[in-house]
Amino acid sequence: MSNPSQVDYEGFFNLSVDLLCLAGYDGYFKRLNPAWTQTLGFTQSELMARPYLDFVHPDDRPATLAEAEKLGLGAKVIHFRNRYECRDGSYRWLAWSAMPTGSDELIYAMARDVTPEVELEGGLVEANLAAATRLALLTALIDAIGVGVVLINGEGRVAHWNKEANRLTGIQTARAVELTLRELGEALTERVEDHLDLQSHLEEAPRATAESHFPMVIRQPHREIDVTVSPAVLTSDGAQVGLVIVLHDITAAKELERAKDELIAMVSHELRTPLASLVGFSELLLSREFAEAQRKQYLETMLNEGRRLTDLINEFLDLQRMEGGYTRLNLGPADLPTLISRAVATAGDNPQTPIEVSMAQDLPLVVADANAILQVLINLLSNARKYSPGGGTIVVEAKVRDNAVEVSIRDHGLGIPADALPRLFSKFYRVPNSDRRRISGTGLGLAISRRIIESHGGRVGAESEGLGQGSRFYFTLRAAELEARSGDVLIVEDDIGFAQLLEAELTVNGLNSVWAPDAETADKLIDRMAARAVVLDLILPGASGQEFLARLRSSHKSPVPVVVVTIQELDATETLALRTAGVVAVLKKHSGAAKEAAGFVANALNSSSSSGIAVPLRS
Amino acid sequence: MQHTVLIADDEPSVRLLVQATIEAEGYKVLEACDGDEAWALIQEHRPSLVLLDVRMPGRTGLEILGSIKADAELTDTKVILLTASAQQSDINAGLIAGADFYLTKPFSPRELLSRMDEALLL
């Protein structure tokens with residue numbers, strides 16, 4: 001066996017895949033092994049012909065020099081990396097180990113081609129950055145969505161607890177993170193109803209292979225939560241890496257469901273009851289003989305119940321239409337005293353329950369749909385009468401309050417107990433009363449009235465000292481703000497559609513207009529605005545167009561041109577009367593009437609200096 | 001023997017219908033328009049049969065039913081619940097509470113009479 005110290009290390013030098021070399025302090029390679037050519041592509045003579053620094057990547061040269069100096073200054077071994085140029089122009093990363101040899105003034109050095117590792121590292125760094133960014137985005141996403149998200153890791157501990165989970169359960173993220181499912185269940189014990197149920201669900205959760213649901217009810221504040229548990233699975237091999245628990249707050253949805261169920265039950269009950277009478281009495285009368293008095297009584301009951309059913313259906317549909325947004329309100333300036341008088345007239349005379357009206361002076365016009373408010377007034381008056389079986393005066397008041405007008409209707413009847421007050425305006429609600437004779441009604445009147453007033457932007461309410469103490473119902477409406485724009489045309493017309501047409505046609509002619517639904521409102525309006533012309537309908541809800549005209553003429557010194565548009569067929573006398581009163585044109589309501597009327601108004605205003613405009617009369 | 005029947009319902013037309021239906025059959029009819037009145041009449045007159053509306057002001061039909069079942073002196077009182085609800089769950093609730101029968105409105109006089117016969121034969 002040869003002496004190991006005599007082994008030909010030359011062989012190893014040539015075999016090595018790593019780059020071995022001897023370099024001088026003069027900056028040149030002195031000896032290179034074949035690996036240099038294999039790795040970089042240059043021949044040995046090419047490599048030794050120039051200073052080795054020439055082959056180093058320009059960015060790495062300063063560092064390389066600095067490392068070489070360390071050797072000169074006495075360092076024993078140095079390790080560093082740099083890039084060397086290849087024959088094809090590319091660069092490869094070399095990891096160096098070098099040491100001086102003292103006596104020869106040579107450097108022994110060894111380099112390993114670490115290009116793949118460096119690329120991998122670089123790739124890894126990039127991948128890590130990308131992953132970190134993605135994680136940050138996902139976390140932000142999980143926090144931003146409106147459901148509670150809890151992530152349970154492979155060890156069964158909470159890895160993520162988002163903001164919404166905080167809010168829903170009252171348990172903060174800091175407290176929740178790292179809890180096991182069991183500890184989580186314990187933390188929730190105080191806050192949930194039926195915590196034993198919750199605990200068992202949480203315990204089963206890790207074993208679930210598919211998505212599962214269960215409900216959870218939080219106390220204080222009351223919240224109903226739908227909890228969904230899904231296993232989190234790695235797509236590559238289907239292994240379960242944890243759980244995803246999602247908390248949906250379904251409190252509102254549940255309440256809506258309950259309210260709907262209750263409404264359906266109520267409607268069902270209310271509709272079936274009168275139906276029961278109709279069917280039952282019909283059958284009885286057909287199957288048996290009854291005395292005349294009884295027969296009549298039963299037939300009357302049937303009729304009343306049939307009517308009640310009709311009212312019920314109509315009112316309920318009305319309410320549904322209003323709530324569904326299918327009814328449009330036609331808002332315009334309205335005169336409350338006029339509406340109140342009309343409502344009182346409709347209610348009729350009843351000496352047992354007389355109606356007194358007390359109106360403040362100078363009530364402003366209100367913004368309202370006259371017909372709708374009329375409906376509310378009639379409803380409230382009817383209730384006041386119905387619930388005063390013992391008689392008593394009913395007082396209607398209207399006064400200004402803050403920026404609104406408040407109307408109140410007071411009665412001295414049965415009164416309302418305190419616990420019924422909040423529910424009064426709900427659908428079908430009627431105060432439970434132990435009077436023998438149940439007071440007739442659908443239970444929808446107040447609900448409809450409330451709906452109407454609230455659509456007007458007003459408030460509605462009721463007050464009572466209690467049973468037997470009478471009650472006071474009130475509602476508010478906005479006061480109409482009228483800018484005294486001079487040069488406006490006043491339209492007095494109760495047909496909203498036609499009024500809108502007139503408004504449009506007048507605008508085409510460059511004229512602004514204000515609309516009054518009846519003569520009384522028009523009276524008030526004309527005082528407050530300097531109307532330059534009037535378009536007048538003759539048939540109006542209260543006073544007629546002619547009466548308005550008479551009042552207008554008697555109070556105004558300078559004649560304002562008036563155009564009459566009416567469906568009435570007027571005879572010569574009537575037409576003459578109008579002309580004498582200064583009406584510029586009398587038009588029949590037809591499809592082109594609005595345009596014609598606007599034209600006449602425009603003409604009249606343009607040639608306003610002359611009087612007695614010759615305009616053909618149409619009838 | 002003449003049975004006494006109590007009809008408890010807040011609707012006057014329902015009471016009238018029941019009265020019209022059963023008086024001719026020879027029953028003595030008592031009327032109550034709310035739960036409290038119904039309970040008072042039950043205790044005073046001990047009717048053989050009670051027709052109870054589920055929804056009434058004062059004590060509800062189910063509450064009265066419970067009180068009847070709990071009272072030793074009223075074990076022979078039969079109860080028929082009148083309900084406008086055709087929902088099975090409501091009907092079940094009533095039967096579980098101890099009603100002998102139920103009738104959904106609208107019911108015909110014939111139905112009423114045959115239910116009553118069945119109940120009184122129990």
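Values in this document were obtained by computation on a predicted structure and should not be read as measured data.
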Query raised in the report: Heavy-atom count around A:Arg410 CZ within 6.0 Å, excluding the residue itself: above 12?
Result: no
Query raised in the report: For B:Leu103, is it the side chain, the backbone, both or neither that has a heavy atom under 4.5 Å from a heavy atom of chain A?
Result: neither
Query raised in the report: Does B:Glu25 CD have over 12 foreign heavy atoms under 6.0 Å away?
Result: yes
Query raised in the report: Got a second to check how far B:Leu17's CG is from A:Thr301's OG1, nearest 0.5 Å?
Result: 9.0 Å
Query raised in the report: How about A:Lys296: does its NZ atom have over 12 heavy atoms from other parts shown lying under 6.0 Å from it?
Result: no
Query raised in the report: Considering residues, nucleotides and ligands other than B:Asp117, do more than 12 of their heavy atoms fall under 6.0 Å from its CG?
Result: yes
**Report entry** Any donor-acceptor N or O pair under 3.5 Å, side chains A:Glu305, B:Ser13
**Finding:** yes
Report task. Heavy atoms only, distances under 4.5 angstrom: which of B:Asp9, B:Val14, B:Leu16 has the most pairs with chain A? Name it, please. Result -> B:Leu16
**Report entry** Atom pair CZ/CD of B:Phe107 and A:Glu283 - distance to nearest 0.5 Å
**Finding:** 11.0 Å
Report task. Taking all heavy atoms of B:Ala20 and all of A:Tyr298, pick out the closest pair and write down the distance. Result -> CB-OH, 3.1 Å
Query raised in the report: In a check of side chain to side chain contact (heavy atoms under 4.5 Å, CB included) between B:Pro109 and each of A:Leu284, A:Val279, A:Leu286, which one passes?
Result: A:Leu284
Requested in this report: Among the options A:Gln294, A:Met302, A:Gln297, pick out the one with the most heavy-atom pairs lying under 4.5 Å from chain B.
Outcome: A:Gln297
Query raised in the report: How many angstroms lie between OG in A:Ser287 and CZ in B:Arg110, if you round to the nearest 0.5 Å?
Result: 9.0 Å
Report task. Decide if atom CZ of A:Arg219 counts as having more than 12 heavy atoms of other residues, nucleotides or ligands within a radius under 6.0 Å. Result -> yes
Query raised in the report: Do the side chains of A:Arg288 and B:Thr21 get nearer than 4.5 Å, heavy atoms only?
Result: yes
